[in-house]
Amino acid sequence: MGDYHVHLHPHVPRPDSPPPGVYPEDYVDAFVETALSRGATEVGFTEHLHRFVDFEPAVAGFWNVGPRADLTEHSRTYYYDDLNLRLDRYVAAVLGARDRGLPVRLGMEVDFFPAHLEKMTAVLRQYPFDYLIGSVHWIDAWSVDHPAVAYEFERRGVRRAYEDYFGLVADLAESGLVQVLAHPDVVKKFGHRCPEEPVDLYRKVVDAARRGGVAMEVSSAGLRYPVGEPYPSPALLRMSHQAGIPITLASDAHYPDQAADQHMELVRYARAAGYRHQLAFRVGGAAHLVALPDPDAAAPTEPTSSEAGR
Ligand SMILES: [Zn+2]
Ligand SMILES: [Zn+2]
């Protein structure tokens with residue numbers, strides 16, 4: 001049972017964060033130790049594709065689309081500020097942890113840049129990833145989950161933002177690019193909600209996920225942001241379960257102390273939507289279902305005598 005969405009480098013370093021692109025062994029190990037202490041049994045590392053210089057020739061310029069110069073400029077600046085990792089070092093760090101006997105998997109959080117898929121895939125093929133998760137972080141030039149440009153929700157309208165976002169998630173699900181849809185409704189991150197829950201958009205995503213054969217990620221990251229709810233929402237997760245779509249569990253940790261954050265709460269959340277299994281990935285990429293534990297099964301039950309006394 002894994003935490004299949006973990007980053008090794010934060011966007012905002014802390015005093016104890018290593019410099020970008022540097023992977024001290026004890027720092028990598030700290031993520032795994034914390035995750036194991038919280039009930040996860042594997043850690044899948046999934047660094048952001050857009051942070052690796054190796055992908056720059058494939059994706060740079062993705063922000064040059066749409067009529068909004070402010071969004072284009074924000075994304076261009078953000079991209080280059082965060083462009084400070086190298087694929088060979090990242091892969092070596094994760095494979096090194098595996099060689100030390102740690103239960104880790106090599107993954108990547110792949111941004112969905114629809115116009116750049118062919119070139120992205122050519123780079124991805126050069127490394128032995130066990131699995132890939134896919135994320136919609138950008139709607140054209142708009143960095144939809146970045147607080148500095150959250151004003152775009154007002155300009156565009158919340159419902160329209162959701163339509164644009166879930167349209168891309170559905171395309172991602174059927175793209176063949178990834179095995180998992182990461183934080184499937186991250187568009188709610190800052191608490192922007194449609195007047196009515198957009199089940200019509202959920203339906204499109206669920207149908208696309210079924211056709212595309214991808215899993216839905218259940219992530220505790222939403223609990224750390226203003227929305228205060230895991231991704232995906234209970235309704236989207238129930239619909240996914242009814243459609244037979246598998247799940248992974250995830251923290252989206254960017255610091256060691258976030259590894260497998262709220263892991264057992266996520267297990268409860270998934271079980272409440274009907275799930276009894278999660279997807280796991282073997283080294284080399286084969287996916288298989290493993291049972292979700294019942295975190296409450298071992299809880300002491302009321303003695304029969306006190307029951308009888310009521
Ligand atoms: Zn993400
Ligand atoms: Zn992430």
Side-chain angles (χ1 to χ4, degrees), residues 2-13 17 20 28 31 34-35 40 43-52 55 59 62 75 78-79 81-85 87 90 93-94 104-114 120 124 129-139 142-150 161 165-166 168-169 171-173 175 177-190 205 214-227 229-233 236 247-263 266 281:
D3 176 353
Y4 284 110
H5 187 157
V6 175
H7 299 270
L8 283 161
H9 280 101
H11 303 283
V12 181
S17 301
V28 176
F31 283 87
T34 303
V43 173
F45 290 107
T46 52
E47 199 53 89
H48 287 288
L49 179 146
H50 68 79
R51 298 193 61 173
F52 290 98
F55 287 98
V59 306
F62 70 82
S75 289
Y78 173 74
Y79 174 80
D81 284 351
D82 234 17
L83 185 66
N84 49 24
L85 302 180
L87 258 177
Y90 166 64
V94 176
V104 299
R105 299 292 180 268
L106 178 63
M108 175 156 291
E109 180 172 10
V110 176
D111 298 280
F112 188 49
F113 299 129
M120 288 161 55
L124 288 166
F129 292 106
D130 297 318
Y131 69 105
L132 301 171
I133 67 174
S135 297
V136 173
H137 294 126
W138 275 277
I139 297 172
W142 179 27
S143 176
V144 66
D145 65 338
H146 196 294
V149 284
Y165 172 79
F166 282 113
L168 285 168
V169 175
D171 290 347
L172 169 61
S175 68
L177 186 64
V178 299
Q179 288 79 58
V180 182
L181 297 177
H183 45 63
D185 58 352
V186 74
V187 66
K188 73 186 179 186
K189 175 177 178 178
F190 304 115
V205 167
V214 294
M216 199 71 71
E217 176 185 277
V218 182
S219 169
S220 60
L223 295 168
R224 302 195 296 271
Y225 291 111
V227 70
E229 176 184 276
Y231 310 118
S233 71
L236 177 50
I247 53 165
T248 60
L249 301 184
S251 66
D252 208 347
H254 285 70
Y255 304 97
D257 62 8
Q258 292 174 342
D261 181 33
Q262 316 250 24
H263 195 73
L266 285 185
F281 298 97

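Computed from heavy atoms alone, side chains included, the values below leave out hydrogens, waters and symmetry copies. Each ligand, and each atom within it, is numbered from 1 in the order the structure gives.
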- Query: Is a side-chain donor or acceptor of His48 paired with a backbone partner of Val110 at a separation under 3.5 angstrom?
  - Reply: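 No; judged by distance alone, with no hydrogens or angles, the pair does not exist.
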
- Message: Keeping Glu217 on the side-chain end and His183 on the backbone end, is there a donor-acceptor pair under 3.5 Å?
- Response: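 Between the backbone of His183 and the side chain of Glu217 there is a qualifying donor-acceptor contact (under 3.5 Å).
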
- Query: What's within reach of the Zn ion (ligand 2), meaning protein N/O/S atoms under 2.8 Å?
  - Reply: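 Listed by chain and number, the atoms are His5 NE2, His7 NE2, Glu109 OE1, Asp252 OD1.
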
- Centroid-centroid distance, His11 to His254, less than 6.0 Å: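 Yes.
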
- Query: What's the atom name of the N, O or S in His137 nearest to the Zn ion (ligand 1)?
  - Reply: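 Of all N, O or S atoms belonging to His137, NE2 is the one nearest the Zn ion (ligand 1).
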
- Message: Holding to ring-ring contact (aromatic ring centres under 6.0 Å, His included), I want the full list of residues that pass it with Phe45, two or more places apart in sequence or in another chain.
- Response: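 Partners of Phe45 by the ring-ring contact (aromatic ring centres under 6.0 Å, His included) criterion come out as none, since no residue qualifies.
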
- Task: Could you tell me which residues satisfy side chain to side chain contact (heavy atoms under 4.5 Å, CB included) with Ala260, sequence neighbours excluded, listed by chain and number?
- Result: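 Residues passing side chain to side chain contact (heavy atoms under 4.5 Å, CB included) with Ala260: Asp3, Ala35, Arg38, Ala40, His263.
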
- Message: Under the salt bridge (Lys or Arg N to Asp or Glu O under 4.0 Å) definition, can you give me all pairs with a residue in residues 254-263, not counting sequence neighbours?
- Response: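 Listed once each, the pairs are Arg14-Asp257, Arg224-Asp261.
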
